[in-house]
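Below is one structure, written out as structure tokens; the observations come after it.
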Amino acid sequence: MTLRRRGEKATISIQEHMAIDVCPGPIRPIKQISDYFPRFPRGLPPDAGPRAAAPPDAPARPAVAGAGRRSPSDGAREDDEDVDQLFGAYGSSPGPSPGPSPARPPAKPPEDEPDADGYESDDCTALGTLDFSLLYDQENNALHCTITKAKVPKLMFSRKGLKPMDHNGLADPYVKLHLLPGASKANKLRTKTLRNTLNPTWNETLTYYGITDEDMIRKTLRISVCDEDKFRHNEFIGETRVPLKKLKPNHTKTFSICLEKQLPVDKTEDKSLEERGRILISLKYSSQKQGLLVGIVRCAHLAAMDANGYSDPYVKTYLRPDVDKKSKHKTAVKKKTLNPEFNEEFCYEIKHGDLAKKSLEVTVWDYDIGKSNDFIGGVVLGIHAKGERLKHWFDCLKNKDKRIERWHTLTSELPGAVLSD
């Protein structure tokens with residue numbers, strides 16, 4: 001016996017350490033916890049009970065001598081085998097069973113689960129739905145978008161978890177529209193804001209003017225639903241996008257679409273598609289007044305020239321060549337808008353036969369106080385023009401006393417130098 005001082009740590013040899021808790025007998029593999037609790041995709045099968053019941057026609061197990069007297073090791077071994085029989089039919093066992101096992105019926109194939117892509121998007125629940133209709137009026141070059149109603153969820157998902165949109169759990173929703181490519185304030189339209197509601201009903205029609213067949217092929221309408229906040233930035237709820245080529249002219253198409261998360265806008269847009277805006281001009285030669293009536297109806301999608309993202313546009317017209325310099329006419333200035341409506345008409349006293357030698361010059365300007373006005377864009381109609389501009393001029397000459405309206409795209413060049421499209 002080895003004596004040690006008080007507080008001294010006892011030391012044992014490696015032989016004594018290896019002899020501790022050594023149980024004589026055959027070495028059995030250690031089962032893992034997953035062998036006893038396998039993970040079933042749909043939970044435990046209904047026929048899995050405390051013990052697998054033997055079929056009625058199975059032969060009775062013969063009595064074994066000394067069954068009344070079992071050693072502890074035999075009892076533990078049988079318990080392990082019972083667990084293996086219970087879960088082994090439904091999961092993988094660590095080793096083969098000692099006795100021959102009856103042939104198992106083939107496992108039933110799992111029920112067909114719907115494809116993940118086939119599920120209805122969670123955005124329908126998380127972001128809401130929007131009902132609206134679209135109509136392309138080909139004759140008047142107008143796209144009418146009627147916003148009917150929306151269903152906005154009470155809770156919104158954020159990176160930090162669930163949160164209400166407003167402190168009262170409601171929303172102040174509105175809808176805004178953009179035409180892509182080229183989303184800007186020039187082609188932005190929006191509905192009125194409805195206060196404290198999750199099921200807003202607008203029944204409001206928003207109209208884009210100056211829409212051509214080419215626009216219907218290459219442009220996409222982006223519809224966004226937002227929550228207006230007086231004290232912070234407005235909160236984005238969801239959006240949807242509709243390629244305009246899906247619409248048929250003069251046919252109303254109704255949509256009921258689940259809103260999606262905000263999608264990125266392509267910044268690498270073709271610069272050749274950029275425009276300065278469009279203008280709707282009416283021409284009519286009046287036999288009664290013996291003159292040309294030029295109507296400046298409206299402009300659409302004008303370029304923003306001011307720091308606030310808008311312009312203060314007005315229109316000037318000239319009938320060239322202008323020897324006496326008396327052909328200048330000017331509309332009123334429309335403040336802070338990119339889609340002004342003028343509805344003004346000017347009369348040029350001229351013989352019908354002289355119009356074939358003339359050209360109509362129309363320019364759009366941004367009015368500024370204290371400095372020179374900014375040129376937005378212009379267009380020239382006459383014998384030196386091409387395409388729709390030339391066709392509009394000749395249609396006016398051939399049809400006396402008939403008003404003819406056409407949309408024209410503004411160019412960034414001052415008229416006079418280049419008169420073609």
Side-chain angles (χ1 to χ4, degrees), residues 141 179 181-188 208-212 214-215 269-283 292 294-348 358-390 392-393 405-421:
N141 296 103
L179 283 177
S184 64
K185 289 185 178 180
N187 58 42
K188 172 186 172 182
Y208 281 105
Y209 294 99
I211 301 298
T212 63
E214 181 184 358
D215 294 329
E269 297 172 354
D270 188 1
K271 298 299 181 181
S272 64
L273 299 179
E274 290 185 355
E275 299 175 354
R276 307 293 292 181
R278 299 179 185 181
I279 185 170
L280 179 59
I281 302 173
S282 68
L283 297 179
L292 176 67
V294 179
I296 305 299
V297 184
R298 68 190 311 148
C299 294
H301 320 323
L302 294 180
M305 308 302 292
D306 295 338
N308 59 6
Y310 294 96
S311 295
D312 301 321
Y314 68 95
V315 180
K316 293 192 298 185
T317 64
Y318 294 89
L319 193 61
R320 306 288 191 182
D322 183 16
V323 180
D324 299 330
K325 297 183 179 180
K326 295 181 179 180
S327 67
K328 175 182 175 181
H329 290 283
K330 186 171 69 172
T331 67
V333 177
K334 302 295 181 179
K335 294 290 186 179
K336 196 178 178 182
T337 179
L338 300 177
N339 297 278
E341 186 172 356
F342 298 99
N343 290 321
E344 296 188 33
E345 190 174 71
F346 312 114
C347 180
Y348 292 98
K358 297 288 185 177
S359 295
L360 179 66
E361 181 180 297
V362 182
T363 55
V364 184
W365 298 79
D366 170 48
Y367 176 76
D368 289 322
I369 300 177
K371 61 179 181 178
S372 60
N373 299 330
D374 299 320
F375 174 72
I376 297 178
V379 62
V380 175
L381 310 178
I383 58 174
H384 299 292
K386 294 181 180 179
E388 285 296 323
R389 302 174 183 181
L390 178 62
H392 192 187
W393 187 255
E405 289 186 354
R406 297 281 170 79
W407 281 95
H408 298 283
T409 301
L410 301 175
T411 62
S412 57
E413 298 177 350
L414 280 169
V418 179
L419 301 179
S420 60
D421 289 312

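Everything numeric here is computed off the predicted structure, so don't read it as measured data.
- A distance of 11.0 Å separates CG in Leu381 from OG1 in Thr317, rounded to the nearest 0.5 Å.
- Residues forming a salt bridge (Lys or Arg N to Asp or Glu O under 4.0 Å) with Glu341 (at least two apart in sequence, or on another chain): Arg298.
- In this view, Glu345 and Arg403 satisfy the side-chain hydrogen bond (donor to acceptor under 3.5 Å, both in side chains) rule, not counting sequence neighbours.
- Ring planes of Tyr367 and Tyr314: perpendicular class, angle over 60° (limits at 30 and 60°).
- Residues meeting the ring pair (Phe, Tyr, Trp, His ring centres under 6.0 Å) test with His408, sequence neighbours left out: His392.
- The two residues Ser327 and Tyr348 make their nearest non-hydrogen contact at O-OH, 2.7 Å.
- In this view, Lys358 and Leu319, Pro321, Ile350, Trp393 satisfy the side-chain contact (heavy atoms from CB on, under 4.5 Å) rule, not counting sequence neighbours.
- By the side-chain contact (heavy atoms from CB on, under 4.5 Å) test, Arg320 pairs with Tyr318, Asp322, Glu361, sequence neighbours left out.
- Asp215 pairs by the salt bridge (Lys or Arg N to Asp or Glu O under 4.0 Å) definition with Arg218, Arg278, not counting sequence neighbours.
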CA sep, side-chain torsions, deciding dist, call: Tyr208, Leu179, side-chain contact (heavy atoms from CB on, under 4.5 Å): CA-CA 9 Å; Tyr208 281 105; Leu179 283 177; 3.9 Å; yes

Worked check of side-chain contact (heavy atoms from CB on, under 4.5 Å) between Asn141 and Leu280: CA-CA 10 Å; Asn141 296 103; Leu280 179 59; over 6 Å; no

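- The closest side-chain heavy-atom distance from Trp407 to Ile211 is not below 4.5 Å.
- Without hydrogens or angle criteria, Thr331 side chain to Val315 main chain gives a donor-acceptor distance under 3.5 Å.
- Scanning all heavy atoms of the two residues, the minimum distance from Ser359 to Ile383 falls at OG-N, 4.2 Å.
- Going from atom CG of Leu283 over to atom CG of Leu292 covers 6.0 Å, rounded to the nearest 0.5 Å.
- Atom CG of Asp312 sits about 9.5 Å away from atom CG of Leu338, to the nearest 0.5 Å.
- With contacts defined as side-chain heavy-atom distances shorter than 4.5 Å, the pair Val297/Asn343 qualifies.
- Shortest non-hydrogen contact noted between Arg276 and Phe375 is NH2-O, 3.6 Å.
- Side-chain atoms of Asn339 come within 3.5 Å of backbone N or O of Ala186 as a donor-acceptor pair.
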Leu302 vs Leu410, side-chain contact (heavy atoms from CB on, under 4.5 Å): CA-CA, chis, key distance, verdict: CA-CA 9 Å; Leu302 294 180; Leu410 301 175; 3.8 Å; yes

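- The main-chain N or O of Asn308 is never found under 3.5 Å from a side-chain atom of Asp306 such that the two would form a donor-acceptor pair.
- Among all heavy-atom pairs drawn from Ser311 and Met305, the shortest one is OG-N, 3.0 Å.
- Minimum interatomic distance between Lys316 and Trp365 (heavy atoms only, all atoms of both residues): CE-NE1, 3.2 Å.
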Verdict with reasoning, Asn373 to Asp366, per side-chain contact (heavy atoms from CB on, under 4.5 Å): CA-CA 6 Å; Asn373 299 330; Asp366 170 48; over 6 Å; no

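- Across every non-hydrogen atom of Arg389 and Thr409, the tightest pair is NH2-O, 3.0 Å.
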